[in-house]
Asker: 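Below are the structure tokens for one structure; questions will follow.
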Amino acid sequence: MLLRRLGQLVIVLLLVSFLTLLMLRLLPVDPAYAIYGQNATKAQVAQVHHQLGLDQPILVQYGHWLGQVLTGNLGTSLRTGQTVTSALATTLPITLEIVIIAELIALAVAIPLGVYSAYRADGKLDRAVSAASSGMVAIPGFVLALVLVYFFAYLWRIFPATGWVPLTADPIENLRHVILPAVTLAAVEAAVFTRVLRSDVYSTLRENFVLAARAQGMPTANVLWRTAFRPSSLSLTTLAGVSLGRLIGATVLVEIIFSLPGAGQLLVQSIFANDIVLVQGVVIVLVAGVVLINFLVDLLHLYLDPRLRAA
Amino acid sequence: MTSTTDTPARPAGRKTPFVRLRRQGRPAQAAGRGRRRWHVGFWLAVGWLVLIVLLAVLANVLPIKGYATPNFGNVNQPPGLRWPEFLGTDNLGRSELSRLIYGARVSLAVGFLSVGIAFVVGTTLGVLAGYFRRATEAVINVASDTLLAIPPLVLLLGITVVLKPSLRNLVIGLAVLGTPTFARLAKANTQTMARREFVSASVILGARPARVLWRDIVPNVLLPVSAFGAELIGVFIVAEASLSFLGLGVPPPQPSWGGMIAAGYPNLSTAPYLTFVPVVALFLTVFSFKIVGDRLRARFELQEAKL
């Protein structure tokens, strides 16, 4: 089971990287123009092609690129001369910080709401939460971002609309800049988490062992948090992992809206600049991250639910 | 044939015993109230979608100004009780109403066409993979896993940049994006259907695979898949808007909702209506598609329960 998943993981990564390479070679814009501008001479174009190996068969190119990647060399940006790894080293932490904080906000909102609305099923709060969460799921991320920016940055001036302050420079300012993007990302996830957790806790509360705990006279809080919550958190952990992968993709737009210098911003800029080496490097790192997270979620699932190990 | 179909497999009842932690509200009444409200919401959603589609289709014959007609004597008007510019005008004096309606054309065309293509291609592949299994399934699995591994927006950015931004290429990009999900959904549904007695009966009676697929399996797979499709139209309309927002959508002067939002965003603090008119239209449309999709799914689950 584990080996098979690992095999699939490798195949998917190889296919994705090959597809990226193929797609970028099909670009209607020649990368030579990205370096020398519109007036590049034929000799310059040929030289760039030779340098990038574009004059070789696609499989040879791929093999060469793969060899480089496996030794940790993702190439050098065509425009800035910066290596892809160093470009990622400055941008990726920003993306990761937003994603992780978003995930934490989502869980912090979803866990109490989910458990409480399962406990008081059909109560006022439960109905309000279920209405709010079905609305939340339908709100597109960037619509929410614009609404948040309008109210919190322009009308009330609580949080800044754009920009970034590194965590090392000023932790408080850093947090103020993270809040709006993170909340934007967290909203949908929180809605989904709450729904799933509510339905899981709801069915767990009807199990025999909960009745037993109740009969022993355990206080309600203990029944909810110790007895019922843990066995109900299985789908939540899976979902949280999957959503981490989804958020990595979703930050692209959020980083643009809030002009944050993260990996998504880097990707969009390099796409507009026809910087194919950089695009390829960023895409492969992001995809590898997503695939790896999904793999780890599967592992976690195997650990949490022994029944799956047999399959 | 009939005797094989009417052996209902009763679903296991609710897990017993029913432990009450305090009182449970009044479930019957609450459910009744919920259903009524649901109906109103559903018809409002359908009404909004019909309105938007009609406006988009009839845009040329409606008494509104052209979307690119500037009016420099009447710029930056906020929305108000005025006819026909009750949604205001932008910095060139162009009618927001007209731009919204023509923009709806782009959004709806992209949504319906891309989901339509993904629906046909994905469902076909998924049904084949689910029914024939083995090599067909393996190939389609690997292909869809690969596409699903790439973050959607990244894949979309890649496709639209390689093909140059235009309406047609946007549709192609989104169709590629939607196909693997349809394929997975159709495959899963086909596999459960293929195990049903009436399918075995059909096979035993000597029906060829083509007939079994077309007459027994496809009609049963279509409903859940199309419920997902309705929701996906909304999602893809948002995707179109996102790409237009990044400047990778339909090129100007053709208006689109995402393009309008992008144009209004720099002036969010001074002229918020330029952003929020298209944002509200976008939200209502997406929400409506979601409600319709949910409703279709609920109907499907009801039918499923009767089997």
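Source: prediction; values computed, not measured. Both backbone and side-chain heavy atoms feed into the values below; hydrogens, waters and symmetry mates do not. In what follows, chains carry the letters A, B, and so on, assigned in the order in which the sequence lines appear, proteins first and then strands, with residues in each chain numbered from 1.
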Asker: Could you tell me which portion of A:L15 (side chain, backbone, both or neither) has an atom closer than 4.5 angstrom to a non-hydrogen atom of chain B?
Answerer: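 Interface part for A:L15: both.
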Asker: So which atom in A:L146 and which in B:F276 form the shortest heavy-atom distance, rounded to 0.1 Å?
Answerer: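 In this case the closest contact between A:L146 and B:F276 is O-CZ, 4.0 Å.
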Asker: Give a yes or no on whether the backbone of B:T275 and the side-chain of A:Y150 come within a donor-acceptor separation of less than 3.5 Å.
Answerer: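 No: the side chain of A:Y150 does not pair with the backbone of B:T275.
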Asker: Below 4.5 Å from any heavy atom of chain A, which atoms of B:A239 appear? Answer side chain, backbone, both or neither.
Answerer: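 B:A239 has no heavy atom closer than 4.5 Å to chain A.
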Asker: How long is the gap from CD1 on A:I256 to OG on B:S242, to the nearest 0.5 Å?
Answerer: 11.5 Å
Asker: Let's test your reading of the structure: which of A:I257, A:L14, A:V279 forms the most heavy-atom pairs below 4.5 Å with chain B?
Answerer: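 That would be A:I257.
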Asker: If I measure from the heavy atoms of chain A, does B:L246 come under 4.5 Å with its side chain, its backbone, both, or neither?
Answerer: both
Asker: Identify the heavy atoms of A:L253 and B:F245 that sit nearest to each other, and give their distance.
Answerer: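 A:L253 and B:F245 have their closest heavy atoms at CD1-CD2, 4.4 Å.
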Asker: At a heavy-atom separation under 4.5 Å, does B:I237 approach chain A through its side chain, its backbone, both, or neither?
Answerer: neither
